[in-house]
A.B. asks: 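Let me give you the structure first, and then I'll get to my questions.
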Amino acid sequence: MIKLLYFAGLREALGVPAEALALPAGVDTVGTLRAHLAARGGSWQVFATSRSLRAAVNQAMAGMEAPVGSGDEVAFFPPVTGG
Amino acid sequence: MIKLLYFAGLREALGVPAEALALPAGVDTVGTLRAHLAARGGSWQVFATSRSLRAAVNQAMAGMEAPVGSGDEVAFFPPVTGG
Amino acid sequence: MSVSVQKADFDVGAEIAALSAGDDGAGAVASFVGLVRGAGIDAMTLEHYQGMTEKSLAEIVAEACHRWNLRRVRVIHRVGRLLPGERIVFVGVSSSHRRDAFAACEFVMDYLKTRAPFWKKEEGAAGAKWVDARESDDAAASRWEPGGG
Amino acid sequence: MSVSVQKADFDVGAEIAALSAGDDGAGAVASFVGLVRGAGIDAMTLEHYQGMTEKSLAEIVAEACHRWNLRRVRVIHRVGRLLPGERIVFVGVSSSHRRDAFAACEFVMDYLKTRAPFWKKEEGAAGAKWVDARESDDAAASRWEPGGG
């Protein structure tokens, strides 16, 4: 299981702030996780189409190749705009 | 007549904060005024020897060639160290 | 080296005083306050990623302490709903000399703007809208990278 | 665009608040506080050239307003005898965006250090001594000249 978090405009578009997910076979990186989520269709296709979406694994910014494994906390969000 | 002002270490070295001076013939720039003051001898020789001494004419920084005339306020001082 | 993420406002004068209190080696305190601008908006709501936000701010501060000779650093970032004119963020840095304090303060703001997980949503006459990230913020942050700027 | 030369201390929080009060276009306030450092000194006395000091500070502020897009600028410089830890100088700048505020604030400090007629005398165990001008201050100021830095 991993913990998934969505923030800001992405959270609103998906209509869900968080979920627990059993990692399917073959999903072991941020990139493969994105493809898995995009395959849900509808508003989830943003995971395939957005070029600006950012990811963090265990609260550290992570690229597409970053490994994802059981127990991890994975977050997706738009570019940050604080300050 | 001009008004002469001295500040900080220069004021202490000369022992005088200010004076009124009737401009002698030939004294018409900061440079010639410095030479005139240096000619007083003693601690006034600093006007000939110091390379760091700064001058202001009518409260604006002024170089050696800046004109000095009757009614002007001329100040000499070390490099500034505020802030 | 203290970081806070909070709903409450903060006391700028007290924060700046605390950066040099009891430290007579602190000759310079540079600080920054970011405010909600009123241009066409009625309010702004700041969302954040609790946990990661504090962690990323602490990392930014640690990086600043690594790059410059600093004495104390303080970062406060508010979350929740704020009105025009309200304070959003405070960054304060004390050091022996001003150059380090200025550079570190601006560095922390530039990195915060591009690396700390906060998101702004503006409410205006036309409804609510998430603020887009600005390319100028990426450019500002990249000035501090090797070969940047 | 207000400049003060005074013996009295000042209220940093109030000065910073005043830089954006009633101005909802001010999104950024950068500020600097300079303090008396205690390294081997018991006290510091600041002498100034009354009249020229205010004039030169006003010119520096005007130059900053010419170079950057600023909303308000405040400069306060104390004179007289100050103890370690006491505030000497405040520079605060408000603008729409942080880049202008940071740059202008540092510029005003760099120019103030090399162009405003103040002189510091330190009192220590070995007596009183006028502070020498620092080459690093000239270098800092020259960064802002064409071809400088």
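Here is the naming used below: chain letters follow the sequence lines, and residue numbers restart at 1 for every chain. We use all heavy atoms of the structure for the numbers below, so side chains are in, but hydrogens, waters and symmetry mates are not.
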A.B. asks: Please name the pair of heavy atoms, one in B:Ala60 and one in D:Lys55, separated by the smallest distance, quoted to 0.1 Å.
C.D. replies: CB-NZ, 3.8 Å
A.B. asks: Contact between B:Thr81 and D:Phe118 at the side-chain level, heavy atoms closer than 4.5 Å - yes or no?
C.D. replies: no
A.B. asks: To the closest 0.5 Å, what do you measure between OG (D:Ser56) and CE (B:Met61)?
C.D. replies: 7.0 Å
A.B. asks: Please determine, among D:Met109, D:Arg134, D:Lys113, the option with the most heavy-atom pairs under 4.5 Å with chain B.
C.D. replies: D:Lys113
A.B. asks: Ignoring hydrogens and angles, tell me if any N or O in the side chain of D:His77 forms a donor-acceptor pair with the backbone of B:Gly82 under 3.5 Å.
C.D. replies: no
A.B. asks: Let me know if D:Gln50 has heavy atoms under 4.5 Å from chain B in its side chain, its backbone, both or neither.
C.D. replies: backbone
A.B. asks: Do side-chain atoms of D:Lys120 reach the backbone of B:Val80 as a donor and acceptor pair under 3.5 angstrom?
C.D. replies: no
A.B. asks: Please state whether the side chain, the backbone, both or neither of D:Asp132 comes within less than 4.5 Å of a heavy atom of chain B.
C.D. replies: backbone
A.B. asks: Do D:Lys121 and B:Glu12 touch side chain to side chain, with heavy atoms closer than 4.5 Å?
C.D. replies: yes
A.B. asks: Hey, which of B:Gly9, B:Pro79, B:Ala56, B:Ala75 has the most heavy atom pairs under 4.5 Å with chain D?
C.D. replies: B:Gly9
A.B. asks: Parallel, tilted or perpendicular: which fits the ring planes of B:Phe7 and D:Trp119, with parallel below 30° and perpendicular above 60°?
C.D. replies: parallel
A.B. asks: State the CH2-CZ distance between D:Trp130 and B:Arg11, to the nearest 0.5 angstrom.
C.D. replies: 5.5 Å
